Structures are given as structure tokens and as C-alpha cells.
Amino acid sequence: MYSAIILAAGSGERAGLGFNKVLFHVHNQEILNYSVDFFNKDIDCKELILVVSQPDLEHMEQEYSRITTKIVIGGVTRQESVYKALQVVTNDYVLIHDGARPFIPVATVKALKIGLKDHYSITPGIRAKDTIKVIEDNFVVKTLNRDVLFRVQTPQAFHTSKIIEAHKMALKNNYNGTDDTVLIEKYLNLKTFIVEGDYRNIKLTTKDDLLFLEVIL
Ligand code: CTP
Ligand code: MG
């Protein structure tokens with residue numbers, strides 16, 4: 001039994017659509033609806049919290065209030081949006097997911113649920129296929145060892161009390177992370193477990209991603 005937080009309170013600047021990218025239609029369905037639908041259908045998901053921006057609130061309530069438990073107004077950063085949603089979570093376990101990732105793999109969620117019995121913090125990850133280099137002023141300064149590099153995805157799963165504690169510490173220290181597991185690493189000194197992600201679980205970030213999503217979905 002877990003609560004799910006779906007993040008949709010961004011504005012989608014990099015996608016350049018002129019509106020929030022999670023509202024873009026692929027196969028006659030909003031990108032966001034794919035994730036909402038997934039968690040709505042998962043019997044173990046007892047609470048579905050949708051985080052939205054003030055400008056999108058009316059639309060979101062109209063489209064999603066019937067199939068979500070709570071709709072929360074997000075913050076300026078992704079981290080702030082998560083923190084606000086965590087305040088209303090009532091289950092001991094929580095899955096935090098980017099609404100901009102419409103393809104949620106069943107196998108990944110299954111692995112997260114099993115993993116929660118033994119771990120406080122879990123993320124799906126996939127191996128980096130490309131060699132990754134560190135660049136400064138247009139020159140390569142370092143080449144990283146690809147064998148230890150993973151790209152992480154969402155949903156990420158947590159024991160609710162731990163992720164709340166980590167977020168509180170981050171807030172106190174004015175730290176802004178790009179995912180939630182980094183806060184666990186930095187402030188609780190706990191390890192995050194990795195489960196198998198999926199190359200199809202891409203995040204709609206730029207317009208090019210739409211092409212892939214049309215095929216994947
Ligand atoms: N998000 C959020 N609240 C914010 C910022 C982002 O809930 N203040 C959500 C987005 O809606 C998205 C997810 O976090 O589902 C991942 O963020 P990102 O891909 O960066 O989306 P945007 O911030 O909307 O896009 P951009 O950074 O290009 O503006
Ligand atoms: Mg963003």
C-alpha cells in the first residue's frame with residue numbers, strides 16, 4: 001500500500017509549446033493522463049496526489065479530480081512541488097513520479113514495491129549507453145567510467161518519514177536537487193537501491209522527445 005505523487009506543476013519551458021507540456025496530446029490523450037491512469041489502476045495505490053500549477057488548476061480539476069485523491073498547488077521548483085505534496089501523504093510508503101514520463105513500466109513498479117520491504121529509498125536506473133565526458137569551456141577535461149554510470153528515472157520510492165526528513169534538511173540548507181534520492185544521499189546518509197529501469201521511460205523535455213513518445217505509447 002502506497003501513496004503516489006504525480007508532478008505536473010512545471011511550465012515546460014524547454015519543450016517550447018507555449019503551454020505545460022504534460023497537457024500535450026499523444027494519441028488523443030494528455031501526456032499526464034497516462035501516469036494518472038497507471039496509478040489509478042494499481043490496486044496498491046491507495047492515494048493519488050496530483051501537483052499542479054495555479055494557472056493550470058481549473059483545467060486539472062476538471063480533468064482529474066474524479067480520479068485523483070488530492071490536487072495540490074506546486075512550488076517554483078520541482079523539489080518545492082514534491083515537498084508540498086509530501087505534507088498531505090497519509091501512507092507509510094510513497095512513490096514520486098514526473099508527470100512528464102508517460103510510460104511507466106509495470107516491472108519497475110513491481111520491483112519498487114518489493115524493494116520497499118528492505119530499503120528506505122529506491123530509484124529505477126538504466127546504464128548509460130554513451131561515454132560521458134566532463135566539459136569545461138568547450139574542451140573535454142575528464143572521461144567518466146561508463147561501467148559505473150546510470151541514468152535514473154521515476155517513479156522513485158521511499159519510506160514517507162525518511163523522504164520528508166530529507167526534504168526538511170534540504171530546505172534548511174537551501175539545497176535544490178534535481179531528483180529526490182539525492183536528498184537521501186546528502187542528508188540522511190542512507191543508501192538508495194537501484195532497480196531495473198526502462199529505456200522507454202523517457203521524460204518529455206524537448207520537442208524531439210514527442211517523436212519518440214508517439215512510437216513508445
Ligand atoms: N515540476 C513540478 N513543479 C515545478 C517544476 C517541475 O511539479 N516547479 C514537474 C514537471 O511538471 C515535470 C517534472 O516535475 O513533470 C520534471 O520536471 P521538468 O522536466 O523540468 O519539467 P518542467 O519544469 O515543466 O520543464 P522545464 O524545466 O523545461 O521548464
Ligand atoms: Mg524543470
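Every value quoted in this text rests on a predicted model; they were computed, and no experiment measured them. Just so you know, ligand 1 is whichever comes first in the structure, and atom 1 is the first atom listed for that ligand. Positions are given from 1 along the sequence.
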### Message
Using side chain to side chain donor-acceptor pair (under 3.5 Å), reason through Glu30 and Tyr64 one step at a time and then give a plain yes or no.
### Response
CA-CA 11 Å; Glu30 286 179 357; Tyr64 297 104; 2.7 Å; yes
Is any N or O atom of [X], backbone or side chain, closer than 3.5 Å to an N or O atom of ligand 1?
{"X": "Ala15", "result": "no"}
{"X": "Gly12", "result": "yes"}
{"X": "Gly75", "result": "yes"}

Looking at [X], I'd like to know if its [atom1] atom is crowded, meaning that more than 12 non-hydrogen atoms belonging to other residues, nucleotides or ligands lie closer than 6.0 Å.
{"X": "Tyr120", "atom1": "OH", "answer": "no"}
{"X": "Asn189", "atom1": "CG", "answer": "no"}
{"X": "Phe212", "atom1": "CZ", "answer": "no"}
{"X": "Ile135", "atom1": "CD1", "answer": "yes"}
{"X": "Lys46", "atom1": "NZ", "answer": "yes"}

### Passing candidate, side-chain contact (heavy atoms from CB on, under 4.5 Å) with Asp208, options Thr206, Thr205, Leu204
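For Asp208, the side-chain contact (heavy atoms from CB on, under 4.5 Å) check succeeds only for Thr206.
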### Query
Any link between Leu190 and Leu112 through a network of hydrophobic side chains (Ile, Leu, Val, Met, Phe, Trp, Tyr) touching at under 4.5 Å?
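No, Leu190 and Leu112 fall in different hydrophobic clusters.
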Which ligand 1 atoms are under 4.0 Å away from a heavy-atom of [X]?
{"X": "Ala8", "answer": "7 (O), 11 (O)"}
{"X": "Thr77", "answer": "3 (N), 4 (C), 8 (N)"}
{"X": "Val76", "answer": "8 (N)"}
{"X": "Ser81", "answer": "2 (C), 3 (N), 4 (C), 7 (O), 8 (N)"}
{"X": "Ala100", "answer": "15 (O)"}

Please write down residue, atom name and distance for the protein heavy atom closest to [atom].
{"atom": "atom 29 (O) of ligand 1", "value": "Glu13 N, 2.8 Å"}
{"atom": "atom 23 (O) of ligand 1", "value": "Gly10 CA, 4.1 Å"}
{"atom": "atom 13 (C) of ligand 1", "value": "Asp98 OD1, 3.4 Å"}
{"atom": "atom 20 (O) of ligand 1", "value": "Arg14 NH2, 2.9 Å"}
{"atom": "atom 21 (O) of ligand 1", "value": "Lys21 NZ, 3.0 Å"}
{"atom": "atom 7 (O) of ligand 1", "value": "Ala9 N, 3.0 Å"}
{"atom": "atom 19 (O) of ligand 1", "value": "Lys203 NZ, 2.7 Å"}
{"atom": "atom 9 (C) of ligand 1", "value": "Leu7 CB, 3.7 Å"}

### Task
Using protein heavy atoms only, decide if any is under 4.0 Å from atom 17 (O) of ligand 1.
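So far as the 4.0 Å threshold goes, atom 17 (O) of ligand 1 is out of reach of every protein heavy atom.
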### Query
Taking Thr123 for the side chain and Phe193 for the main chain, is one N or O donor matched with an acceptor at less than 3.5 Å?
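Between the backbone of Phe193 and the side chain of Thr123 there is no qualifying donor-acceptor contact (under 3.5 Å).
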### Task
Would you confirm whether Asp179, through its side chain, and Val182, through its main-chain N or O, come within 3.5 Å as a donor-acceptor pair?
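Yes.
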### Query
For Ser11, is the nearest heavy atom under 4.0 Å from an atom of ligand 1?
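A heavy atom of Ser11 does come that close to ligand 1.
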### Query
Is it true that the NZ or CZ of Lys172 lies under 6.0 Å from the centre of Tyr187's six-membered ring and within 45 degrees of the ring axis?
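So Lys172 doesn't make the cation-pi contact.
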